[in-house]
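Since the structure comes first, as structure tokens, the remarks are kept for the end.
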2 protein chains.
Amino acid sequence: MNISSAATATGVSAKMIRYYEEIGLIGPVARTESGYRVYAENDVHLLRFVRRARDLGFSIDQIGKLIALWQDRDRASAEVKALALEHIGELRAKITELDAMARTLEHLAANCHGDGRPDCPILEDIAGGSSKTG
Amino acid sequence: MNISSAATATGVSAKMIRYYEEIGLIGPVARTESGYRVYAENDVHLLRFVRRARDLGFSIDQIGKLIALWQDRDRASAEVKALALEHIGELRAKITELDAMARTLEHLAANCHGDGRPDCPILEDIAGGSSKTG
DNA sequence: TATAAAGCTTCCCATGATGGTAAGGTCAAG
DNA sequence: CTTGACCTTACCATCATGGGAAGCTTTATA
């Protein structure tokens, strides 16, 4: 299977497949005599694993660890769980941060006429740097 | 006021102040004869504005528009509000996306023993690519 | 005053994950 | 045997930020 078939089969672009190989996330793959990459079932499984982990928001670095655990028959599930919980913590922290921004803006927007007049609590807040919204 | 005083006064690093100038977000600032940047009160206000807008998650591009509106006495607050609502939409969409990831992982982690055994629904899900969590 | 320390300037590199493009080799179909 | 589709590597761009080097200026100190 060539790289574009592997890309179609896994949802990982050919560009990213080469990148993952370059940075060592996945090992070097087999090549034809002329240098074309050749993907076997195992390689496709691995690429699907990476794709799914990316969809769950894991960083490349975390995915490297997940792959190592996945391929280690003697892993302790505690290690996997710890990695997942760490990532959940990052996600929840980011959500909290974004939600604070959104709530602040929602308060400001609720108090903005949104008509032809120039008065605008949104700009006043950003200019003033205060956090009060009502 | 030199660049590092301006940085301290606004919470924008000297590095970023130069960058904002370079990309045209803020206009070129006054210079001493020897080429050192000199910041007046107005410049400091503008930098604080940028800083606050960044804290609210606006992109550089959006901040450029906010600055233009801020400095336009004849602006319509509707334009500012539209910009804010657009950004709120982006924030809420991102939050929804991250929350879906977090909830999926929380389900998987809840079903993972997290002990010395290798069995792990987290890895099984990522490897299997299915979305079922229970 | 001479010298050292601190601060300024520009320029280049790196991040993380992804996309784009260009130049050149390869393969399959007509 | 040509054409077109596909592969390879190598470089550039994104977005916002930080790091560092080389060289000039200003300030502080002996």
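In what follows, chains carry the letters A, B, and so on, assigned in the order in which the sequence lines appear, proteins first and then strands, with residues in each chain numbered from 1.
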Counting only side-chain N and O atoms of A:Arg37, is one of them less than 4.0 Å from OP1 or OP2 of D:dC7?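 Answer no for this pair, as no side-chain N or O of A:Arg37 is under 4.0 Å from OP1 or OP2.
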Phosphate contact (D:dT25 OP1 or OP2) by B:Arg31 side-chain N/O below 4.0 Å: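 Answer no for this pair, as no side-chain N or O of B:Arg31 is under 4.0 Å from OP1 or OP2.
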Taking the side chain as C-beta and beyond, is there a heavy-atom pair between B:Pro118 and A:Asp74 under 4.5 Å?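 Not in contact.
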To the nearest 10°, give me the bend of the helix from C:dT1-D:dA30 to C:dG30-D:dC1, comparing the axes of its five terminal pairs at either end.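 Between the first-five-pair axis and the last-five-pair axis there is 30°.
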Starting at [atom1] of [X] and ending at [atom2] of [N], how long is that distance when rounded to a whole Å?
X: A:Leu56; N: C:dA17; atom1: CG; atom2: P; result: 15 Å
X: A:Tyr39; N: D:dT8; atom1: OH; atom2: C1'; result: 12 Å
X: A:Glu22; N: C:dG16; atom1: CD; atom2: P; result: 13 Å
X: A:Ile17; N: D:dT8; atom1: CD1; atom2: C1'; result: 14 Å
X: A:Gln62; N: C:dG16; atom1: CD; atom2: C1'; result: 13 Å
X: A:Leu25; N: C:dG16; atom1: CG; atom2: P; result: 13 Å
X: B:Arg18; N: C:dG7; atom1: CZ; atom2: P; result: 12 Å

Cationic N near anionic O, under 4.0 Å, A:Arg92 to B:Glu106: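 Yes, charged N to carboxylate O under 4.0 Å.
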Salt bridge present between B:Arg117 and B:Asp115 (N-O < 4.0 angstrom):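 Yes, B:Arg117 and B:Asp115 are salt-bridged.
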Just verifying a value: how many Å separate A:Leu83 CG and A:Lys65 NZ, rounded to the nearest 0.5 Å?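 With rounding to 0.5 Å, CG (A:Leu83) is 6.5 Å from NZ (A:Lys65).
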What string of B, S and - do you get for nucleotides 10-23 of chain D, 5' to 3', when a contact is any protein heavy atom under 4.0 Å? B-----BBBBB---
Could you list all N or O pairs between the protein and nucleotides 27-30 of chain C that sit under 3.5 Å apart?
unit_1: C:dC27; atom_1: OP1; unit_2: A:Ser34; atom_2: OG; d: 2.9

